[in-house]
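Here is the structure we will look at, set down as structure tokens.
FYI, side chains are in, hydrogens and waters are out, and symmetry mates aren't considered; it's all heavy atoms of this structure. Residues take their numbers from the sequence shown, with the count starting at 1.
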Amino acid sequence: MSSIQPVIVVGIDFGMTFTGVAYSNSNMPQPKVIQTWPGKKHETSRKVPSIINYLPLRDEPEWGFPCQYSEGKKEWFKRWLDPEFLDPLRAAEPDSDLPSTTEVRKWYKDFMRCLYLYIKDVLQPQMGGWESKRVEFLFSCPTTFGSQAISTSLRELLVEAGFSQGCHTIEFGLTEPQASAVNAAKDSLQTFENGDVLLVCDAGGATTDFALLEQVSSENERPWLQELAKIPGVDVGSTNIDLAFELLVEERLQAGRVDVAENTAWTMMHSAEFQEWKCSFGDRSNADVPKFLVPVPRLHESVSNSKAGIQRGKMAFSHDDFRSLFDPQVNQIIALVRKHLNNIPQDKYVVRPVHPLTCVAG
């Protein structure tokens with residue numbers, strides 16, 4: 001890392017389902033999050049979908065919100081960036097439609113190119129000469145990547161996407177759970193003391209990460225968090241809830257022998273209605289909603305089918321149906337939390353209680 005301080009630091013959290021961007025300089029009391037995105041100009045969102053879509057007869061791909069519901073879009077490809085994860089999958093399923101490493105790297109580079117150009121559009125009016133200003137782009141590191149070499153590989157793609165133009169630099173900072181831990185501790189209503197142990201669970205779109213840290217401080221020094229153990233990420237996340245919903249829809253359509261398009265279950269899984277019900281499930285706001293209704297594409301509203309659970313063109317799901325989608329993921333997270341708590345040395349566990357904090361995303 002250069003000893004020359006950057007004018008501005010831009011933090012980028014590339015997630016399986018969504019990507020977040022925040023920036024800060026020495027004059028700002030706290031980082032500012034980009035909340036306005038292409039395709040969503042009149043609404044705010046703290047993150048943009050990690051999606052790229054290639055259209056015929058167009059040189060530039062679509063990305064983010066404009067292609068959120070497009071068929072043929074490229075999504076959920078973050079884990080595939082690691083050849084140690086993708087190659088065994090391709091070997092085990094040679095006839096599957098899994099992409100090649102070359103294809104995935106192109107999707108990542110093109111998405112990052114679109115993201116870089118949009119960040120430039122947002123910040124350049126505030127900064128003036130863009131490429132002449134010292135800008136540090138700071139990326140977090142997924143714990144699920146099996147090799148440190150992946151950081152070098154991704155850096156090359158980020159350079160090709162434009163992130164190192166002029167006086168700009170690329171850095172890989174904290175791991176994703178470490179970054180979540182810092183944010184959780186900063187925003188927590190609890191007060192942490194020297195020697196307190198924190199267990200942070202970062203439940204994301206495709207992976208769940210944990211960080212076990214101890215607050216360390218000495219007289220006249222700012223406290224800092226020391227990692228007690230490196231905990232690998234696990235394949236638990238909200239995309240598994242989506243896939244379970246898609247399978248449930250497929251089973252119902254087959255049971256009711258409903259004549260619909262082949263990709264109906266996939267389309268319903270990506271629908272705004274299901275995603276909204278999923279994100280609000282467990283909220284008091286929908287506690288009195290008897291059924292969660294998701295429209296069946298191209299099915300007339302007069303159609304009902306009891307075996308498929310379809311009422312007037314919409315498939316109905318009970319709270320128990322939705323709970324069955326969530327429980328496998330939640331139960332795995334609870335089991336992992338207990339496992340990591342039990343693995344803490346007894347002297348730390350007894351003398352200094354652990355403060356469990358959970359950051360949920362995805």
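Atom CD of residue Q332 and atom CG of residue D235 lie 9.5 Å apart, to the nearest 0.5 angstrom. Separating the OG atom in S280 from the CD atom in Q275 is a distance of 11.0 Å, to the nearest 0.5 Å. Between atom CZ of residue F77 and atom CD of residue E103 there is a gap of 12.0 Å, rounded to the nearest 0.5 Å. Rounded to the nearest 0.5 angstrom, T101 OG1 and K106 NZ are separated by 15.5 Å. If you take CG on L55 and CG on N53, they are separated by 5.0 Å, rounding to the nearest 0.5 Å. One finds the CD1 atom of I51 at 12.5 Å from the SG atom of C114 (value rounded to the nearest 0.5 Å).
W107 and V159 fall within the same hydrophobic cluster, where Ile, Leu, Val, Met, Phe, Trp and Tyr residues are linked whenever their side-chain heavy atoms come under 4.5 Å apart, directly or through other members. Each of L138 and V33 belongs to its own hydrophobic cluster when Ile, Leu, Val, Met, Phe, Trp and Tyr are linked at side-chain heavy-atom distances under 4.5 angstrom. When hydrophobic clusters are built by joining Ile, Leu, Val, Met, Phe, Trp and Tyr residues whose side-chain heavy atoms come closer than 4.5 Å, directly or via intermediates, W37 is grouped together with F14. One hydrophobic cluster holds both L243 and L325 under the rule that ILVMFWY side chains link at heavy-atom gaps under 4.5 Å. A chain of hydrophobic side-chain contacts below 4.5 Å, direct or via other Ile, Leu, Val, Met, Phe, Trp or Tyr residues, connects L248 to L299.
In this structure, N305 contributes its side chain and G256 its backbone to a donor-acceptor pair below 3.5 Å. Under a 3.5 Å cut-off, the side chain of T264 and the backbone N or O of V260 do not form any donor-acceptor pair. Put simply, the side chain of D13 never gets that close to the backbone of K47: no donor and acceptor are under 3.5 Å apart. Without hydrogens or angle criteria, Q329 side chain to V236 main chain gives no donor-acceptor distance under 3.5 Å. Proximity of a side-chain donor or acceptor of S271 to a complementary backbone N or O of F274 within less than 3.5 Å is detected. Under the 3.5 Å distance criterion, the side-chain polar atoms of R79 are left unmatched by any main-chain donor or acceptor of M16. Without hydrogens or angle criteria, S45 side chain to Q35 main chain gives no donor-acceptor distance under 3.5 Å. A donor-acceptor pair under 3.5 Å is formed between the side chain of R90 and the backbone N or O of L98. Using a distance-only test at 3.5 Å, with no hydrogens or angles considered, no donor-acceptor pair links the side chain of R134 to the main chain of I8. Panel note: side chain K73, backbone Q68; a donor-acceptor pair is recorded below 3.5 Å.
At least one side-chain heavy atom of L253 sits less than 4.5 Å from a side-chain heavy atom of M315. Proximity of V48 to W63: side-chain heavy atoms (C-beta onward) are separated by under 4.5 Å at one or more points. Within the 4.5 Å cutoff, the side chain of V104 has heavy atoms near those of the L86 side chain. Side-chain atoms of V9 and N25, non-hydrogen and from C-beta on, never get closer than 4.5 Å to each other. Between L336 and T208 there is no side-chain heavy-atom pair separated by less than 4.5 Å. Looking at heavy atoms from C-beta onward, Q254 lies in side-chain contact with E250 at the 4.5 angstrom threshold. Annotation: side chain of R105 is in contact with side chain of S153 (closest heavy-atom distance under 4.5 Å). In this structure the side chain of Y54 reaches within 4.5 angstrom of the side chain of K74, judged on heavy atoms.
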Given side chain to side chain contact (heavy atoms under 4.5 Å, CB included), test C201 with I333 step by step and report yes or no. CA-CA 8 Å; C201 168; I333 291 172; 3.7 Å; yes
Are F317 and F245 close enough, and set up right, to give a ring-ring contact (aromatic ring centres under 6.0 Å, His included), and what steps lead you there? CA-CA 10 Å; F317 301 90; F245 176 79; 5.0 Å; yes
Apply ring-ring contact (aromatic ring centres under 6.0 Å, His included) to the pair F326 and F281, showing each step before the final yes or no. CA-CA 9 Å; F326 277 80; F281 181 63; 5.1 Å; yes
Let's go through I52 and Y108 carefully: what are the C-alpha distance in whole Å and the side-chain angles of both, what is the deciding distance for side chain to side chain contact (heavy atoms under 4.5 Å, CB included) to 0.1 Å, and is it a yes or a no? CA-CA 8 Å; I52 194 83; Y108 177 78; over 6 Å; no
Show the numbers, then the answer: is there a ring-ring contact (aromatic ring centres under 6.0 Å, His included) between Y69 and H270? CA-CA 7 Å; Y69 304 113; H270 282 90; 7.9 Å; no
Audit row: F322, W277, ring-ring contact (aromatic ring centres under 6.0 Å, His included) steps and yes/no: CA-CA 9 Å; F322 263 55; W277 287 128; 7.5 Å; no
Assess the residue pair D242 and K278 against the criterion (side chain to side chain contact (heavy atoms under 4.5 Å, CB included)); give the C-alpha distance rounded to whole Å, side-chain angles, the decisive distance to 0.1 Å, and a yes or no. CA-CA 9 Å; D242 291 350; K278 181 188 74 171; 2.9 Å; yes
Check the pair E71, W266 against side chain to side chain contact (heavy atoms under 4.5 Å, CB included), reporting the backbone distance first and the verdict last. CA-CA 10 Å; E71 292 189 28; W266 182 90; 4.0 Å; yes
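Among all heavy-atom pairs drawn from P49 and F111, the shortest one is O-CE1, 3.4 Å. When all heavy atoms are compared, the tightest approach of P94 to A91 is CD-O, 3.6 Å. Taking every heavy atom of both residues into account, P31 and A22 meet most closely at CB-CB, 4.4 Å. Minimum interatomic distance between S70 and E62 (heavy atoms only, all atoms of both residues): OG-OE1, 4.0 Å. Across all their heavy atoms, A161 and K109 have their closest contact at CB-O, 3.7 Å. Of all the heavy atoms in T19 and G15, the pair that sits closest is OG1-N, 3.7 Å.
A donor-acceptor contact closer than 3.5 angstrom is absent between the side chains of D321 and S324.
F18 and F65 have tilted rings, their planes meeting at an angle from 30° to 60° on a 0 to 90° scale.
Scored by the ring pair (Phe, Tyr, Trp, His ring centres under 6.0 Å) test, F163 finds Y116, F137, F139 as partners (sequence neighbours excluded). Contacts of D283 classified as side chain to side chain donor-acceptor pair (under 3.5 Å), with partners at least two apart in sequence or in another chain: S285.
Atom CZ of R58 sits in a crowded spot, with more than 12 heavy atoms from other residues, nucleotides or ligands closer than 6.0 Å. The local environment of NZ in K314 is sparse, with at most 12 non-hydrogen atoms from other residues, nucleotides or ligands closer than 6.0 Å. Surrounding CD of E60 are at most 12 heavy atoms belonging to other residues, nucleotides or ligands under 6.0 Å away.
Contact check on E43 versus K40 returns a salt bridge, with a Lys/Arg side-chain nitrogen under 4.0 Å from an Asp/Glu carboxylate oxygen. Ion pairing between D320 and R323 holds under the 4.0 Å rule for side-chain N and carboxylate O.
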Anything under 3.5 Å between a donor and an acceptor, one on a side chain of residues 288-298, the other on a protein residue two or more places apart or in another chain? List them.
none

